[in-house]
Structures are given as C-alpha cells and as structure tokens.
Undergrad: 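Here it is, the structure, as structure tokens.
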2 protein chains.
Amino acid sequence: MPVPLYQAKAEFFRTLGHPVRIRVLELLQEGPRPVHELLADIGVEASNLSQQLAVLRRTNLVASRREGGAVLYELSTPEVADLLRAARGILTSMLADQGELLAELRGTRGEERK
Amino acid sequence: MPVPLYQAKAEFFRTLGHPVRIRVLELLQEGPRPVHELLADIGVEASNLSQQLAVLRRTNLVASRREGGAVLYELSTPEVADLLRAARGILTSMLADQGELLAELRGTRGEERK
DNA sequence: TATGAATATGAAGAATTCTTCAAATCGAGT
DNA sequence: ACTCGATTTGAAGAATTCTTCATATTCATA
C-alpha cells in the first residue's frame, strides 16, 4: 500500500477546490480557449485568473501554448471530464437528498456559507 | 447556467483535499467501520481523526451511527467510489506521463515537496 | 525600436484550514 | 451514582491559500 499517495491525491483534489479553477476546467472541456475568452466568461481580475491558471499548470491539469497574440489553454487529459462528471453526479444526488442548495441548482443565486 | 454551483463544487473538492479524509473514504469503501478501527489503520491522534470525520459528516459524505460502545462510519453514497476511481485514473496517467512521483506509486516512501 | 495589448509574476495582508491540547459527552458496566 | 473507554468539541496558534496591487514579459504592429 503506497503510503504518500494519499498525500498526492489530497493535493490533487485541493487543486480542484477553487471556483475559478473549476470553471476553467469546465470551459476547457469544450476545447482549447484563449485566456481573454476565459476572462470574459469567468468574471475575475486578469491577474487572479492568471494565478489560478498557474496552479492548474503546475499540477499539469492544463497545458498552454501561444497562438499569435493570445495564449491558448487546454485540458492536458480528457479524463478530467470523467472526474467532473462523477463529482456532478454525487453533488446532485447529495443535494437532492438534503435538498438544501437545490435552489442554487436552479440558478437562484445567493451567498450562504455553512 | 447555475452560477453559485461552482462554489458548491469547489467546496466539495476541497473537502476531499486532505490525506486523512481521503484515507477514511477509501477505507469506508469496503464497508462500515468503527472509529477505533480507522484510528488504528490511519495513524493520527484521535482528536485529529475526529475533526476530519466531522468535516466529512458536515458535507454529508459519510454518516455515523452508534453501535454499542463504538461509533460506526459509512459512506453516505457508494458513488464516492466512482469519484475516487476517476481521480485515481487521472492521477496515475498524469504521474505516468511526467513520471515524477512514479517511485511513490511503487511504495518507495519519501517526502519531497515541489 | 517604440507602443500597446495580453498575460504572467512577486509580494503582502486577509482569510481559511490544520494541528494539537484540554476539556466535555456519551454509554457501558460496576 | 461512579468510573472507564471511546469519541467529540472548542479554542488558539501555526501553516497554507486567496486576493489584489504593482510591476514585469512577450509578442505584434506601427
């Protein structure tokens, strides 16, 4: 039983534990996209997005290449889609059960915490 | 497109972003287990494990019930297994690619950090 | 080569999460 | 009721992660 693997797994999940990073990954599922486009879709400061992209790059979840004036990002492996799908499955079934954030699922907007 | 859902997803992944919590989930895949047994398998302080179990409980990833003198924990949904499997898939393929932590995968033990 | 748009980087304070310690709770058995 | 083992809780400082600001790069084009 590989011991420090748990550490690696935890780090991996922690990488996904940020709303901007999640959005980026979901957007990239549809194919490569330039930063300025991500920037437009997700509404955060450019430097903030860049920081999050850097995190995703470090962990090799995404890769970037320059295309003319812009930088394109893409998923480094399509398997990420599987993961996101699995997560979506659990989340919706859990939310359905507890029914707590169901409103959110329907787009009600709001900002509760715990 | 549900907006604050990204927040919920991020929180969900962050919940998985801790080595002890990952181990607990993996152990629970094999079925319900009493705390003292988890405690023996994972080598941490009782109060630490308890804190992590509390986190998993809050997010409804696990459920607990009392069985005589001990408290049993179990996954609240077996779908968690899918998620962990998907993560394992990505991780191993990524590690294989970069080959960086491959040694760990084989049980070589060690403690490097970037 | 100078200018500008796009993107990245470094650093600092704010916010969040971890770990640990001490103390509380809950039953079981006496 | 009392005590013991098992588990949880609250709190505080340490450690990590976020956000933001200022500045740096990089390339394209004038």
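The chains referred to below are lettered A, B, ... by the order of the sequence lines, with proteins before strands, and numbering in each begins at 1. The structure presented is a predicted model; accordingly, all values stated were derived computationally and were not measured.
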Undergrad: Between P on C:dT17 and CZ on B:F13, what's the gap in Å once rounded to a whole number?
TA: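 Rounding to the nearest Å, CZ of B:F13 and P of C:dT17 are 16 Å apart.
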
Undergrad: Judged by atom type as modelled, is there a donor-acceptor pair below 3.5 Å linking the side chain of A:S76 to the main-chain atoms of A:A63?
TA: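 Here the side-chain-to-backbone pair does not exist.
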
Undergrad: Taking the side chain as C-beta and beyond, is there a heavy-atom pair between A:L25 and A:L83 under 4.5 Å?
TA: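 In short, these two side chains do not touch, never coming nearer than 4.5 Å.
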
Undergrad: Below 4.0 angstrom from OP1 or OP2 of C:dT17, is there any side-chain N or O of B:R58?
TA: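 The answer is no; no side-chain N or O of B:R58 sits under 4.0 Å from OP1 or OP2.
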
Undergrad: Round to a whole Å and report the spacing from CD of A:Q52 to C1' of C:dA8.
TA: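 Rounded to the whole Å, the gap is 13 Å.
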
Undergrad: Write down the distance between CD (B:E45) and P (D:dT8), rounded to a whole number of angstrom.
TA: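 Atom-to-atom, B:E45 to D:dT8, this comes out as 15 Å.
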
Undergrad: Which is more 5' along DNA chain D, the nucleotide nearest A:P19 or the one nearest B:L49? Just name the residue.
TA: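 Taking each residue's closest nucleotide, the earlier one in sequence belongs to B:L49.
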
Undergrad: List the atom of B:V62, the atom of B:L53, and the distance in Å for their closest heavy-atom pair.
TA: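 Nearest pair, atom of B:V62 first, then B:L53: CG2-O, 4.4 Å.
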
Undergrad: Just N and O in the side chain of A:R57: are any of them under 4.0 Å from OP1 or OP2 of C:dT9?
TA: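 For C:dT9, OP1 or OP2 has a side-chain N or O of A:R57 closer than 4.0 Å.
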
Undergrad: Would you kindly check whether a donor in the side chain of B:Q51 faces an acceptor in the base of C:dT19, or vice versa, at under 3.5 angstrom?
TA: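 No, no donor-acceptor pair under 3.5 Å.
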
Undergrad: What is the distance, rounded to the nearest whole Å, between atom CG of B:L56 and atom P of D:dT8?
TA: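 Taking atom P of D:dT8 as the reference, CG of B:L56 is at 12 Å.
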
Undergrad: Any side-chain N or O of A:R21 less than 4.0 Å from the OP1 or OP2 oxygen of D:dT17?
TA: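 No, A:R21 has no side-chain N/O under 4.0 Å of OP1/OP2 on D:dT17.
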
Undergrad: If only side-chain N and O atoms of B:R14 are considered, is one of them under 4.0 Å from the OP1 or OP2 phosphate oxygen of C:dT17?
TA: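 For B:R14, the contact criterion (side-chain N or O under 4.0 Å from OP1 or OP2 of C:dT17) is met.
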
Undergrad: Are any of the side-chain nitrogens in A:E74 or A:R33 under 4.0 Å away from the carboxylate oxygens of its partner?
TA: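 No salt bridge links A:E74 with A:R33.
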
Undergrad: For A:A70, report the nucleic acid contact type (base, sugar-phosphate, nothing); a contact means any heavy atom under 4.0 Å.
TA: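 Contact class for A:A70: sugar-phosphate only.
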
Undergrad: Strictly below 4.0 Å: does B:Y73 bring a side-chain N or O up to OP1 or OP2 of D:dA6?
TA: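 Checking B:Y73 against D:dA6: no side-chain N or O falls below 4.0 Å of OP1 or OP2.
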
Undergrad: Using only side-chain N and O atoms of B:H36, determine if any of them is under 4.0 Å from OP1 or OP2 of D:dT7.
TA: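 Yes, because at least one side-chain N or O of B:H36 sits under 4.0 Å from OP1 or OP2 of D:dT7.
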
